[in-house]
> 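The structure under discussion is supplied below as structure tokens; questions concerning it will follow.
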Amino acid sequence: MGGLADVSQYVRYEEPFWRQHLQEVSGGRLRAEIAPFDRSGIRAQEMLALMRLGVVPFGTVLLAVVSTEEPEFNAVDLPVVNPDMAALRRTIALYRPHLEALLAERYDVELLGIYTYPAQVVFCKSAFSGLADLAGRRIRTSSVGQSEMFAALGAMPVVIPFGETLAALRSGVVECAVTGTLSANSIGLHEVTTHVHAMAITWGLSVFGANRGAWQALPEWARTLIREEVGKLEQEIWQAAEVETGEGLACNTGQGQCSTGRRGSMTLVPVSAADEARRLRLLTESVLPGWVRRCGEACVDAWNTRLAPALGVTARND
């Protein structure tokens, strides 16, 4: 089971990898079929349980979705933890061994890859100069964590499915929206909004893994080959996410190279020193405390052991 249908990660990378590339590099000894989970009658929230049972032997798990049951998994993609790609890469490198251990211990799943979608940023219908200006505005969000963060900013978050975002902006249900830089362009957000912020709020991480029984049933040469090739696939997906983040901003603003989207004329709001200071306050005073309330003592230990030394922000179990 792959990720979301119709998006670049699945269409350009996951599907060709399993249907064609793996067969080619194995000399025809390995063949695989893949389908996007959201067109397979499978709820994303159930993916880990189905993998533990072996119903889905190989699967892609969206961390933000399963975090309702397993909030510890999503420490790496909490709002404003990773304002840019460099920060995201560092966070993943630090937390990956813990994710690997959690998947093995709780779900009997072998971690093979971690994928990311492009950055999710703030689009608004009227001018703003930074995070502080979002107070009082109704903002489309896609998760509990995002909603808590914008509420702490003084904004009014409204959870709306991605497919309804454009209509919600057009009708005035919301004034701003958080979504991917290039996916926003694909649905026409650049035609109804005027300003876009450069700071990543979240990214949209997923893990790719295998039921350990199904994994061990493969011959050793096959496991070695799959692990190596999935590692290369992971690198390609990350590089594409970084390129698409930049290209999405370029297309929406009409500044720079835009080969996969439509040119707009939006204003790019740069990340200021005030935004960086506000980001750290939001992380310390709202995002982390909210996560700890949902997650408990184990999350405090995981964060402080693996992430706090590098990020400079400590979690507390108040």
Side-chain angles (χ1 to χ4, degrees), residues 1-10 14 36-38 42-51 59-83 85 87-89 91-92 95-96 98-99 102-103 106-107 109 111 113-122 139-152 157-165 177-184 199-209 234 237-238 241 244-245 282-283 286-295 299 302-303 307 315:
M1 286 296 164
L4 293 162
D6 296 332
V7 300
S8 173
Q9 178 179 302
Y10 181 81
E14 288 185 88
F37 77 85
D38 53 336
I42 291 178
R43 297 177 67 243
Q45 296 90 333
E46 298 170 349
M47 187 65 77
L48 279 175
L50 293 172
M51 291 177 70
T60 305
V61 180
L62 301 182
L63 292 182
V65 175
V66 299
S67 68
T68 54
E69 297 292 330
E70 293 282 4
E72 194 169 351
F73 283 46
N74 203 38
V76 286
D77 200 23
L78 293 171
V80 297
V81 167
N82 305 300
M85 178 60 82
L88 181 64
R89 288 184 183 277
T91 300
I92 288 294
Y95 205 73
R96 188 177 191 130
H98 188 56
L99 265 180
L102 289 176
L103 287 165
R106 298 182 186 177
Y107 291 94
V109 165
L111 176 63
I114 299 176
Y115 305 152
T116 182
Y117 291 108
Q120 297 185 337
V121 299
V122 181
I139 300 177
R140 179 265 175 179
T141 61
S142 59
S143 69
V144 171
Q146 284 185 6
S147 296
E148 287 180 345
M149 188 213 85
F150 283 105
V158 185
V159 177
I160 295 173
F162 172 71
E164 300 173 18
T165 302
V178 180
T179 192
T181 60
L182 199 55
S183 57
M199 179 185 288
I201 304 301
T202 54
W203 293 82
L205 292 168
S206 59
V207 294
F208 176 75
E234 178 180 323
I237 288 173
W238 277 74
E244 289 181 13
T245 295
L282 286 168
L283 182 57
S286 173
V287 174
L288 268 185
W291 179 65
V292 168
R293 283 193 299 272
R294 295 189 295 274
C295 199
C299 288
W303 179 277
L307 298 178

> Side-chain contact test, heavy atoms from C-beta onward, threshold under 4.5 Å: evaluate it for Glu164 versus Arg140 and give yes or no.
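Not in contact.
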
> Set out, in order, the CA-CA distance, both residues' side-chain angles and the distance that settles side-chain contact (heavy atoms from CB on, under 4.5 Å) for Leu103 and Leu48, then state yes or no.
CA-CA 9 Å; Leu103 287 165; Leu48 279 175; 3.7 Å; yes

> Go through the structure and list residues passing side-chain contact (heavy atoms from CB on, under 4.5 Å) with Ala44, not counting sequence neighbours.
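Ala44: side-chain contact (heavy atoms from CB on, under 4.5 Å) contacts with Phe37, Val65.
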
> How many angstroms lie between CG in Leu288 and SG in Cys295, if you round to the nearest 0.5 Å?
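Answer rounded to 0.5 Å: 11.0 Å.
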
> Verify the distance criterion only: is there a donor paired with an acceptor across the side chains of Ser147 and Thr141 at less than 3.5 Å?
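Side-chain D/A pair, Ser147 to Thr141: present.
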
> Quick check for you: to the nearest 0.5 Å, what is the distance between Tyr95 atom OH and Leu102 atom CG?
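If I round to the nearest 0.5 Å, the distance is 6.0 Å.
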
> How would you list, by chain and number, every residue that makes a ring-ring contact (aromatic ring centres under 6.0 Å, His included) with Tyr107, sequence neighbours excluded?
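Not a single residue meets the ring-ring contact (aromatic ring centres under 6.0 Å, His included) criterion with Tyr107.
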
> Strictly distance-based, threshold 3.5 Å: is any side-chain N or O of Asn74 a donor or acceptor partner for the main-chain N or O of Val66?
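Checked: no pair found.
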
> Do the side chains of Trp203 and Leu63 get nearer than 4.5 Å, heavy atoms only?
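Answer no - side chains too far apart.
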
> Closer than 3.5 angstrom, by distance alone: can the side chain of Asn82 be matched with the main-chain N or O of Val76 as a donor-acceptor pair?
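A pair under 3.5 Å: yes.
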
> How would you list, by chain and number, every residue that makes a salt bridge (charged side-chain N to carboxylate O under 4.0 Å, His left out) with Arg294, sequence neighbours excluded?
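Here the qualifying residues are Glu148.
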
> I'd like to know whether CD of Gln45 has more than 12 heavy-atom contacts from other residues, nucleotides or ligands below 6.0 angstrom.
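Yes - once you tally the heavy atoms of other residues, nucleotides and ligands closer than 6.0 Å, there are more than 12.
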
> Going through the distances and angles, do Phe162 and Leu4 end up as a side-chain contact (heavy atoms from CB on, under 4.5 Å)?
CA-CA 12 Å; Phe162 172 71; Leu4 293 162; over 6 Å; no

> From Leu50 CG over to Arg43 CZ, what is the distance, rounded to the nearest 0.5 angstrom?
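Result: 10.5 Å between the selected atoms.
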
> Can you list everything that forms a side-chain contact (heavy atoms from CB on, under 4.5 Å) with Ala151? Sequence neighbours excluded, please.
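side-chain contact (heavy atoms from CB on, under 4.5 Å) list for Ala151, sorted by chain: Pro157.
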
> Working to the nearest 0.5 Å, report the span between CD of Gln146 and CD1 of Ile139.
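Interatomic distance, Gln146 CD to Ile139 CD1, rounded to 0.5 Å: 10.0 Å.
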
> Using the rule given for side-chain contact (heavy atoms from CB on, under 4.5 Å), can you reason through Val81 versus Leu307, listing the C-alpha separation, both sets of side-chain angles and the distance that settles it, and then say yes or no?
CA-CA 10 Å; Val81 167; Leu307 298 178; 5.8 Å; no

> Suppose we screen for side-chain contact (heavy atoms from CB on, under 4.5 Å). Which residues come up paired with Arg89, at least two apart in sequence or across chains?
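Here the qualifying residues are Met85, Trp238, Glu242.
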
> Mind checking salt bridge (charged side-chain N to carboxylate O under 4.0 Å, His left out) for Glu244 and listing every partner two or more places apart, or none if nothing turns up?
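Partners of Glu244 under the salt bridge (charged side-chain N to carboxylate O under 4.0 Å, His left out) test: Arg12.
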
> Do Leu88 and Leu205 pass the side-chain contact (heavy atoms from CB on, under 4.5 Å) test, and can you show the C-alpha distance, the side-chain angles, and the key distance before you say yes or no?
CA-CA 10 Å; Leu88 181 64; Leu205 292 168; 4.0 Å; yes

> Any Lys/Arg nitrogen of Arg96 or Glu234 sitting under 4.0 Å from an Asp/Glu carboxylate oxygen of the other?
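Here Arg96 pairs with Glu234 in a salt bridge, since their nearest N and O are under 4.0 Å apart.
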
> Going by heavy atoms in the side chains, are Phe150 and Val178 under 4.5 Å from each other?
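In contact.
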
> Are any of the side-chain heavy atoms of Thr60 and Met47 separated by less than 4.5 Å?
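No, side chains not in contact.
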
